[in-house]
Student: 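The structure that follows is given in the form of structure tokens.
Computation of the quantities below employed the complete heavy-atom set of this structure, encompassing side-chain atoms and omitting hydrogens, waters and symmetry-equivalent molecules.
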Amino acid sequence: MATGVFSEGRAKIAQRTLRTDKWWIQPLITVGVLFSFIVYATWRALENAHYYAEPLISPFYSPCLSTTCVSGSSLLGTPFGHILIFGMVLSPAFIILIFPLGFRMTCYYYRKAYFRSFWMSPPACAVAEPHAKYTGETKAPLIVNNGHRYFFYIGLVFNTLLTIDAFLAFKNPEGQWGHMSLGTVVLLLNATFLWGYSASCHSCRHAIGGRLRHFSKHPFRYKAWTIVSKLNTKHQNFAWVSLIWVAFSDFFVRMVSLHPTWNKYFF
Amino acid sequence: MTLEKHKYDVVIIGAGGAGLRAAVEAREAGLSVAIVCKSLFGKAHTVMAEGGAAASMGNVNDNDNWMVHFRDTMRGGKFLNHYRMAELHAKEAPDRIWELEMWGALFDRTNEGKISQRNFGGHEYPRLAHVGDRTGLELIRTMQQRIVALQQQDAKEHGDAEKNMKVFAEVTITEILKENGKIAGAYGYRRESGSEVLFQAPAVVIATGGVGKTFKITSNSWEGTGDGHALALKAGANLVDMEFLQFHPTGMVWPLSVKGILVTESVRGEGGILTNSLGERFMFKYIPDVFIDKYADNEAEADRWYEDQDNNRRPPELLPRDEVARAINSEVKAGRGTEHGGVFLDVSKRLSAEVIKKRLPSMWHQFYELAGVDITKEPMEVGPTCHYVMGGVEVEPDSAAAVGVPGLFAAGEVAGGMHGSNRLGGNSLTDLLVFGRRAGKGAADYVKANGANPVSDAAIEKAAAKIEAPFTSTGGENAYTLHQELQEITHNLVGIIRTGAELTEAIEKIADIRKRSGNISVTGDRKFNPGFHLAFDLDNMLLVAESTAKSALLREESRGGHTRDDFPGMNSTWRQVNHISSFDGDKVSIKSQPLPVLPKELFDLFDVHELEKYMTSAEIAKGGSN
Amino acid sequence: MARTLKLRIWRGDDKTGGLQDVTVEANHGEVVLDIIHRVQATQMGDLAVRWNCKAGKCGSCSMEINGKPRLACMTQVASYPEDEVITITPLRAFPVIKDLVTDVSFNYKKAMEIPAVVMPEGMKPGEPRMQQVDVERSQEFRKCIECFLCQNTCHVIRDHEENKKSFSGPRFFIRIAELDMHPLDMLRNRKKTAQEEHGLGFCNITKCCTEVCPEHIKITDNAIIPMKERVADEKYDPVRWLGSKIRRREEVL
Ligand SMILES: Cc1cc2nc3c(=O)[nH]c(=O)nc-3n(C[C@H](O)[C@H](O)[C@H](O)COP(=O)(O)OP(=O)(O)OC[C@H]3O[C@@H](n4cnc5c(N)ncnc54)[C@H](O)[C@@H]3O)c2cc1C
Ligand code: SF4
Ligand code: SF4
Ligand code: FES
Ligand code: FES
């Protein structure tokens with residue numbers, strides 16, 4: 001039976017949409033970027049090499065928790081030993097990547113992005129979606145999205161670790177402090193963007209003050225909430241910049257591990 | 001087709017602020033209520049009110065009280081107001097606002113957490129409760145939600161939300177039915193299907209709002225076709241003082257398609273200044289004698305007033321609307337207008353962009369989206385627009401009962417008397433609530449005392465025949481064309497400045513259009529057919545225009561919303577006279593009726609020297625009634 | 001600066017209908033509603049359209065123009081290129097009545113299902129004290145002019161008629177949020193009912209409601225997402241759930 005815009009009683013119009021603008025460009029770009037990222041990240045995780053170039057560590061592999069990690073890369077030790085799947089060593093990157101992946105999969109902004117571009121529900125506003133049924137986030141597995149705040153908390157741990165990584169990048173390859181290189185800048189920016197992404201998160205906005213009913217009784221939290229709210233309007237931008245920069249940071253570390261001279265030292 | 005019939009205790013025509021408040025009151029008094037309106041529920045014209053609702057709560061300046069408000073209202077109306085209405089209004093307005101808050105309204109707040117109040121033309125103290133510049137929306141949504149809340153109660157108690165109160169949206173009432181000289185019900189059609197509806201009810205409350213669509217340039221929506229005025233006339237009630245129409249000084253003038261759309265007075269309340277094409281702040285030249293001690297005569301003082309209102313006089317931009325509208329009209333006529341025939345209104349000099357967007361958000365949008373003007377950077381172009389009708393159904397102040405027709409009540413813009421010759425901004429919204437409530441109560445008391453009054457078949461047949469007429473007519477007149485012709489006539493001949501000769505001409509021309517309107521034929525069928533709808537609205541507008549032109553011809557003075565070029569001054573003898581319109585089925589006739597005399601206790605609220613400017617020496621000597 | 005416009009206007013009723021070509025003059029500064037009125041006055045006397053204020057304040061003139069849900073009175077003709085044919089249709093999420101007029105009663109039914117504000121017991125008119133910062137969030141939602149464009153564009157019901165019974169739509173999520181954030185409202189089960197009765201969970205925050213809202217209400221960011229977070233506090237966050245059992249924080253906040 002016809003449903004949606006073709007339902008009984010609605011205006012009889014044959015087209016799924018009468019939009020004349022190029023509404024499909026946006027979802028197409030989203031698919032392009034996200035897909036490229038996934039391909040790159042998977043390849044890099046499987047590569048399981050070139051993620052550490054004293055003192056730089058790739059954010060895909062930090063903190064490296066497995067005994068297979070190259071020496072110097074395991075800030076928090078190696079509690080996992082090494083994990084074998086089908087007789088193959090699991091790349092330590094997967095243990096790490098699963099968390100940011102969860103964070104981003106449940107992110108309110110990325111939900112919009114992937115529901116529109118991958119799932120096409122809807123591909124764009126007032127463009128009929130191709131599905132016959134729709135239950136949104138009322139059932140498993142999508143109901144998990146309601147737990148976004150837990151991924152947000154975990155995200156904070158990672159942000160902290162990656163910030164430490166950025167500070168460690170003030171060393172030179174010989175381990176002496178007080179130096180700064182291109183890599184330092186790359187990792188610092190990486191940490192900054194990630195903090196921006198987390199700070200502008202909707203769960204953060206809620207926790208910081210959004211859940212209050214009387215702002216007037218909590219002046220400090222209100223102030224914090226107004227700041228987070230401002231950042232929050234830029235959450236989409238932080239989401240993309242931080243994503244792309246994480247990949248770039250990893251790429252940079254990889255290149256440095258292959259060509260140490262690429263990491264120009266300023267002092 | 002079988003006729004759709006309903007029985008209620010009270011039928012309320014109109015779902016604006018007045019109608020909804022009346023409905024709540026009648027329902028709470030235990031009666032069953034039908035609310036009938038021409039558009040969807042929640043879209044009535046009240047939604048467009050911007051600036052605020054005047055009530056002397058004294059939240060911002062505690063010198064304010066009902067007596068000050070009463071004085072301002074009388075002054076604004078040039079003492080032609082029905083004193084009792086102005087008194088009730090001033091006394092009850094605060095309660096009506098506070099009640100809205102209990103029903104969920106969220107007004108802007110003061111630092112103490114009370115309802116904030118803003119300045120407005122003619123009000124001595126900051127008095128307008130407001131929400132940004134969308135106060136009417138807040139009011140109507142709150143009333144709408146109150147109605148829904150009462151319906152939810154009924155649903156819980158009786159399993160039927162519409163048991164005691166039902167909204168009939170998109171139904172136009174074409175006739176008020178009477179039996180034995182008393183109200184028996186109302187008749188109309190569903191806009192959607194064109195099918196007819198009969199309401200049987202011993203009491204009818206008219207709350208149909210204004211008449212702006214009679215004019216070419218107006219801030220009113222299509223609903224402002226004076227239906228209630230005409231329905232009341234046809235039912236045998238009177239209209240009082242129909243010559244008084246308020247031309248709001250600041251309507252948009254460009255582009256043409258938005259000409260007339262209102263620019264809220266809050267723009268001036270927040271510090272907007274008016275200048276002509278020479279860059280001159282011209283309002284200083286137009287302060288009338290009666291206001292000389294209340295308004296600043298130089299820019300420095302006017303500017304200081306925004307910071308210190310106790311020690312400075314107000315800027316003349318905040319004079320009552322009739323004064324400002326005439327001033328703008330004169331400037332434009334003298335060749336000092338803008339390219340599109342208006343003057344400049346500028347807030348960008350006094351307020352920062354951020355503050356403008358916060359305090360006047362919908363004005364910012366309106367100009368940005370409709371005229372491509374950014375009011376945080378550039379001035380607006382504005383000119384007078386037909387905004388409000390002070391005249392209306394003659395009612396008993398305490399019960400809002402229409403004089404002469406038992407069972408008929410009227411409240412809101414459609415009722416006359418409250419505002420005299422000119423309404424102060426913000427007084428309408430509280431007028432709706434105060435008298436809406438009184439009309440609801442009046443109707444409830446009436447129904448309890450009188451019981452049902454069945455409608456006869458003859459009356460139904462007559463009403464039905466009228467609705468069918470435009471479909472059977474082969475006269476070939478087009479309702480849209482006639483409407484445009486009427487608007488030209490009123491605009492050119494009954495507009496902001498009038499003369500005896502022009503009014504006489506107007507009366508003839510209106511009669512001519514009336515004759516032709518009998519030959520309107522419509523194309524298409526009954527289903528949601530705007531041409532068919534307009535045929536009825538036009539008939540109402542013609543009656544209103546006739547009554548306005550005739551009253552205006554008789555009043556040989558200039559006062560408030562009535563300016564005669566041939567009789568420029570205000571005349572104390574004319575202040576003692578109301579003009580009463582009545583209809584004999586063929587034409588409107590006007591008679592003079594003495595204005596009720598101010599009782600002593602209200603008379604004494606004024607400084608005698610002030611009253612001397614308005615009243616004859618005999619009246620002053622008498623010092624009010626009893 | 002008059003120009004000749006080519007339009008396609010949908011005409012018909014709940015059974016049949018289609019796009020009809022019309023050519024009409026347009027003047028400088030005119031909006032689509034002006035054009036429709038001109039067509040009405042000169043060519044199609046019985047063309048059905050709803051409107052009231054012609055100033056974007058009443059939310060009556062909702063329709064779809066070139067496939068996008070919009071207010072006709074706020075859509076400038078000049079925003080379309082000279083040679084573009086402008087297609088005008090009724091809203092496509094609701095049953096059509098005639099031409100550009102649709103049956104929006106769905107929305108009034110949903111409004112009926114949300115309990116009004118409940119003020120503290122014993123509080124009398126004139127007594128409420130509320131701070132501006134505490135009412136501001138709810139005030140944003142009260143800007144709603146009930147144009148129902150958000151409802152119309154929301155794919156949950158636009159594309160799935162069967163969801164109408166269990167989904168109230170963005171207009172009513174902001175109403176619930178308004179009341180939940182109201183500083184004095186005493187009815188405290190609004191989060192629960194939002195999720196269980198009004199179908200908040202159906203929303204996948206794809207933000208079309210925000211995109212079309214003529215009042216620029218941030219429906220998703222400021223109402224739906226905060227409500228989802230509030231629902232999570234109560235239903236999906238064991239830590240907070242436990243906390244709320246131990247100390248009844250709601251009143252204190
Ligand atoms: C742009 C603008 C701004 C304003 N700003 C302010 C302000 O800031 N402060 C202030 O105090 N006042 C203001 N006013 C004035 C005020 O808004 C109106 O006077 C007031 O809203 C009128 O309310 P009402 O209840 O009498 O009627 P309306 O709100 O006009 O409602 C009339 C109702 O009657 C119905 N109706 C009419 N005819 C029929 C019929 N034949 N059959 C069935 N139903 C019918 C209509 O459908 C409608 O529901 C403003 C007016 C305008 C135009
Ligand atoms: S964000 Fe949610 S409510 Fe808004 S349109 Fe999308 S699905 Fe509907
Ligand atoms: S929220 Fe916006 S789009 Fe939705 S009904 Fe209200 S004003 Fe219209
Ligand atoms: S990270 Fe995007 S909303 Fe939390
Ligand atoms: S007519 Fe009121 S919003 Fe368009």
Student: Side chain, backbone, both or neither: which part of B:Trp254 has a heavy atom under 4.5 Å from chain C?
Tutor: side chain
Student: Whether B:Glu170 and C:Arg50 form a salt bridge (side-chain N of Lys/Arg under 4.0 Å from carboxylate O of Asp/Glu) is what I want to check.
Tutor: yes
Student: Which bit of C:Ile114 is near chain B, if near means a heavy-atom gap under 4.5 Å: side chain, backbone, both or neither?
Tutor: backbone
Student: For C:Thr42, does its backbone N or O pair with a side-chain atom of B:Tyr480 as donor and acceptor, under 3.5 Å?
Tutor: no
Student: So which part of C:Glu136 gets closer than 4.5 Å to some heavy atom of chain B, the side chain, the backbone, both or neither?
Tutor: side chain
Student: For B:Ser39 and C:Asn52: C-alpha separation, side-chain torsions, deciding distance, then whether side-chain hydrogen bond (donor to acceptor under 3.5 Å, both in side chains) applies.
Tutor: CA-CA 8 Å; B:Ser39 26; C:Asn52 270 35; 3.2 Å; yes
Student: Return yes if some donor-acceptor pair links the side-chain N/O of B:Glu101 with the main-chain N/O of C:Gly126 below 3.5 Å, else return no.
Tutor: no
Student: What part of C:Lys124 gets within 4.5 angstrom of chain B, counting heavy atoms only: side chain, backbone, both, or neither?
Tutor: backbone
Student: Using modelled atom types only, decide if a donor and an acceptor are shared between the side chain of B:Arg134 and the backbone of C:Lys57 within a distance under 3.5 Å.
Tutor: no
Student: Measure distances from B:Glu112 to the heavy atoms of chain C and classify the residue's part below 4.5 Å as side chain, backbone, both or neither.
Tutor: backbone
Student: With only heavy atoms counted, which part of C:Ala41 is less than 4.5 Å from chain B, the side chain, the backbone, both or neither?
Tutor: both
Student: Between C:Met130 and chain B, with a heavy-atom cut-off of 4.5 Å, which part of the residue counts as in contact: side chain, backbone, both or neither?
Tutor: both
Student: C:Leu47 versus chain B, heavy atoms under 4.5 Å apart: side chain, backbone, both or neither?
Tutor: backbone
Student: Among the options B:Ser221, B:Pro530, B:Ala149, pick out the one with the most heavy-atom pairs lying under 4.5 Å from chain C.
Tutor: B:Pro530
Student: Against chain B, label C:Val104 side chain, backbone, both or neither, depending on which of its atoms sit under 4.5 Å from a heavy atom there.
Tutor: side chain
Student: Just verifying a value: how many Å separate B:Phe528 CZ and C:Asp13 CG, rounded to the nearest 0.5 Å?
Tutor: 14.0 Å
Student: Side chain, backbone, both or neither: which part of B:Phe41 has a heavy atom under 4.5 Å from chain C?
Tutor: both
Student: Mind checking the CG-CG spacing from B:Leu106 to C:Asp134? Nearest 0.5 Å is all I need.
Tutor: 10.5 Å
Student: If you count heavy-atom pairs within less than 4.5 Å of chain C, which of B:Gln145, B:Met48, B:His45 leads?
Tutor: B:Gln145
Student: Among C:Glu127, C:Glu215, C:His216, which residue forms the greatest number of heavy-atom pairs with chain B at distances under 4.5 Å?
Tutor: C:His216
Student: Just so I understand: if I count every heavy-atom pair under 4.5 Å between each of C:Ala116, C:Ala48, C:Pro115 and chain B, which residue has the most?
Tutor: C:Ala48
Student: Can you tell which of B:Glu99, B:Gln366, B:His365, B:Arg191 has the highest number of heavy-atom pairs within less than 4.5 Å of chain C?
Tutor: B:His365
Student: Any sub-3.5 Å donor-acceptor pair from C:Glu30's side-chain atoms to B:Ser257's backbone N or O?
Tutor: no
Student: Just so I understand: if I count every heavy-atom pair under 4.5 Å between each of C:Arg175, C:His182, C:His37, C:Glu113 and chain B, which residue has the most?
Tutor: C:Arg175
Student: By a 4.5 Å heavy-atom criterion (distance strictly below it), what part of B:Lys358 contacts chain C: side chain, backbone, both, or neither?
Tutor: side chain
Student: Among B:Leu137, B:Val131, B:Thr142, find the residue that satisfies the side chain to side chain contact (heavy atoms under 4.5 Å, CB included) test when tested with C:Arg142.
Tutor: B:Thr142
Student: Under 30°, 30 to 60°, or over 60°: which ring-plane class applies to B:Trp222 and C:Trp51, parallel, tilted or perpendicular?
Tutor: tilted
Student: Given the options C:Met74, C:Met119, C:Gln139, C:Glu178, which has more heavy-atom pairs under 4.5 Å with chain B than any of the others?
Tutor: C:Gln139
Student: Could you tell me which of B:Leu256, B:Val522, B:Asp108 has the largest number of non-hydrogen atom pairs under 4.5 Å with chain C?
Tutor: B:Asp108
Student: Could you tell me whether the side chains of C:Gln131 and B:Asn111 share a donor-acceptor contact shorter than 3.5 Å?
Tutor: no
Student: Are the side chains of B:Leu40 and C:Tyr108 in contact, using a 4.5 Å heavy-atom criterion?
Tutor: yes
Student: What part of B:Leu370 gets within 4.5 angstrom of chain C, counting heavy atoms only: side chain, backbone, both, or neither?
Tutor: both
Student: What I want to check is whether the side chains of C:Glu146 and B:Gln144 have a donor and an acceptor closer together than 3.5 Å.
Tutor: yes
Student: Examine distances only and state if a side-chain atom of B:Glu192 and a backbone atom of C:Ile97 form a donor-acceptor pair shorter than 3.5 Å.
Tutor: no
Student: So which part of C:Val31 gets closer than 4.5 Å to some heavy atom of chain B, the side chain, the backbone, both or neither?
Tutor: both
Student: Let me know if C:Lys98 has heavy atoms under 4.5 Å from chain B in its side chain, its backbone, both or neither.
Tutor: side chain
Student: Taking atom NZ of B:Lys43 and atom SG of C:Cys53, what is their separation to the nearest 0.5 Å?
Tutor: 9.0 Å
